[in-house]
Amino acid sequence: MPELPEVETTRCGIAPYLVGRRIARVIVRNARLRHPVSPLLVREAPGQILQSVDRRGKYLLLRCPKGSVIIHLGMSGSLRVLPADVPPERHDHVDIVLDNGHMLRLRDPRRFGSVVWTRQDALQHALLCDLGPEPLSDGFNGDHLYRRSRGRRLAVKQFIMDHHIVTGVGNIYASEALFLAGIHPAREAGRIAPERYERLAAGIRQVLEQAIAQGGTTLRDFYNGEGKPGYFQQQLKVYGRAGQPCASCGRAVVQTRQGQRSSFYCPVCQR
DNA sequence: CCCAAGACCTGGCGGC
DNA sequence: TGCCGCCAGGTCTTGG
């Protein structure tokens with residue numbers, strides 16, 4: 001479900017309810033997520049004050065004095081802040097109950113998400129320490145993509161979806177960014193010129209910023225911390241638009257398969 | 001090291 | 001209506 005804009009939208013929605021609050025208790029109904037939920041979360045997080053709610057790529061970081069809760073939403077995860085007495089429904093796997101009668105609740109039907117407790121600084125954790133730059137930071141530009149792509153023969157779409165190259169670009173926004181840059185998704189990453197990577201970096205930045213401004217993309221089941229959907233799906237140029245006319249040239253958008261994921265592109269505008 | 005494919009899960013949809 | 005195969009916003013692991 002969530003790529004960077006949806007995670008950022010979630011972060012903004014939940015942070016005001018969490019920061020400064022104390023964790024009263026943690027309820028784990030099903031620990032079998034992408035990574036098994038450690039019993040240490042239930043043992044060590046209660047009593048901790050939530051100091052900040054940050055994001056790194058698609059990971060949310062709930063930082064406390066003695067550790068951090070690292071949350072990933074996988075394909076189908078969502079977070080809501082609710083009164084602590086709302087009964088759990090199917091797939092409500094983890095509650096972080098606060099000291100003010102509210103709780104943060106994770107729902108994740110497919111269980112590809114994860115909730116990890118770490119005593120170290122969150123950014124040092126194995127899941128985070130090798131991530132690429134944030135696409136909305138100064139450290140991300142076309143030169144970075146160009147240098148990292150030399151010698152690589154995989155398709156550029158799969159290259160930019162690797163979060164060790166750049167974080168937060170998932171299947172929707174990869175197709176959209178390549179459209180904005182006029183680059184064919186199947187082009188070999190190592191055979192793209194620096195100027196085109198500059199356009200691609202700009203396209204990634206643009207699509208992510210616009211999606212955040214629209215509250216993310218809701219295809220079926222994304223809702224922010226307050227239960228509201230995003231609106232960026234109305235701005236999608238190619239994703240999910242197979243057979244429909246390209247907004248720029250009118251030719252039908254093509255759907256293909258790359259690395260077991262769907263890709264969408266305009267065969268005229270993207271080379 | 002690089003890359004493609006498999007693995008992990010549930011639910012919704014279209015087709016028969 | 002029921003069953004079946006396919007599809008879905010991610011990423012870690014495996015094997016060549």
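Order of the sequence lines sets the chain letters (A, B, ...), proteins ahead of strands, with each chain counted from 1. The structure presented is a predicted model; accordingly, all values stated were derived computationally and were not measured.
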Novice: Mind listing the residues from residues 147-154 of chain A sitting with a heavy atom below 4.0 Å of DNA chain B? Number order is fine.
Specialist: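 Result for residues 147-154 of chain A: Arg152(A), Arg153(A), Leu154(A), sorted by number.
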Novice: I need the full list of ring-ring contact (aromatic ring centres under 6.0 Å, His included) pairs touching residues 110-148 of chain A, with sequence neighbours left out, sorted by first then second residue.
Specialist: none
Novice: For Phe264(A), check ring-ring contact (aromatic ring centres under 6.0 Å, His included) against everything at least two apart and list the hits.
Specialist: Tyr239(A)
Novice: Could you list the residues that satisfy ring-ring contact (aromatic ring centres under 6.0 Å, His included) with His93(A), not counting sequence neighbours?
Specialist: none
Novice: Under 4.0 Å, heavy atom to any atom of DNA chain C: which of residues 109-119 of chain A qualify?
Specialist: Arg110(A), Phe112(A)
Novice: How would you list all residue pairs meeting side chain to side chain donor-acceptor pair (under 3.5 Å) that involve residues 172-187 of chain A, not counting sequence neighbours?
Specialist: Glu6(A)-Tyr173(A), Tyr173(A)-Thr217(A)
Novice: For Arg196(A), check salt bridge (charged side-chain N to carboxylate O under 4.0 Å, His left out) against everything at least two apart and list the hits.
Specialist: none
Novice: Both distances under 3.5 Å, Watson-Crick or G-U wobble: on that basis, could you give the dot-bracket string for DNA chain B, with [ ] for crossing pairs and | for other-strand partners?
Specialist: .|||||||.|||||||
Novice: Suppose the criterion is side chain to side chain donor-acceptor pair (under 3.5 Å): which pairs have a residue in residues 23-42 of chain A, not counting sequence neighbours?
Specialist: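 For residues 23-42 of chain A: Arg29(A)-Asp95(A).
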Novice: Walk along nucleotides 11-16 of chain C from 5' to 3' and tag each nucleotide B, S or - by protein heavy-atom contact under 4.0 Å, base first, then sugar-phosphate.
Specialist: BB----
Novice: So which pairs with a foot in residues 262-271 of chain A pass side chain to side chain donor-acceptor pair (under 3.5 Å), sequence neighbours left out?
Specialist: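 As it turns out, the side chain to side chain donor-acceptor pair (under 3.5 Å) pairs with a partner in residues 262-271 of chain A, which skip direct neighbours, are Lys157(A)-Ser263(A), Gln255(A)-Ser262(A), Arg257(A)-Ser262(A), Gln258(A)-Ser263(A).
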Novice: So, using ring-ring contact (aromatic ring centres under 6.0 Å, His included) as the criterion, who are the partners of Tyr59(A) when residues are at least two apart?
Specialist: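 By the ring-ring contact (aromatic ring centres under 6.0 Å, His included) rule, Tyr59(A) matches His72(A).
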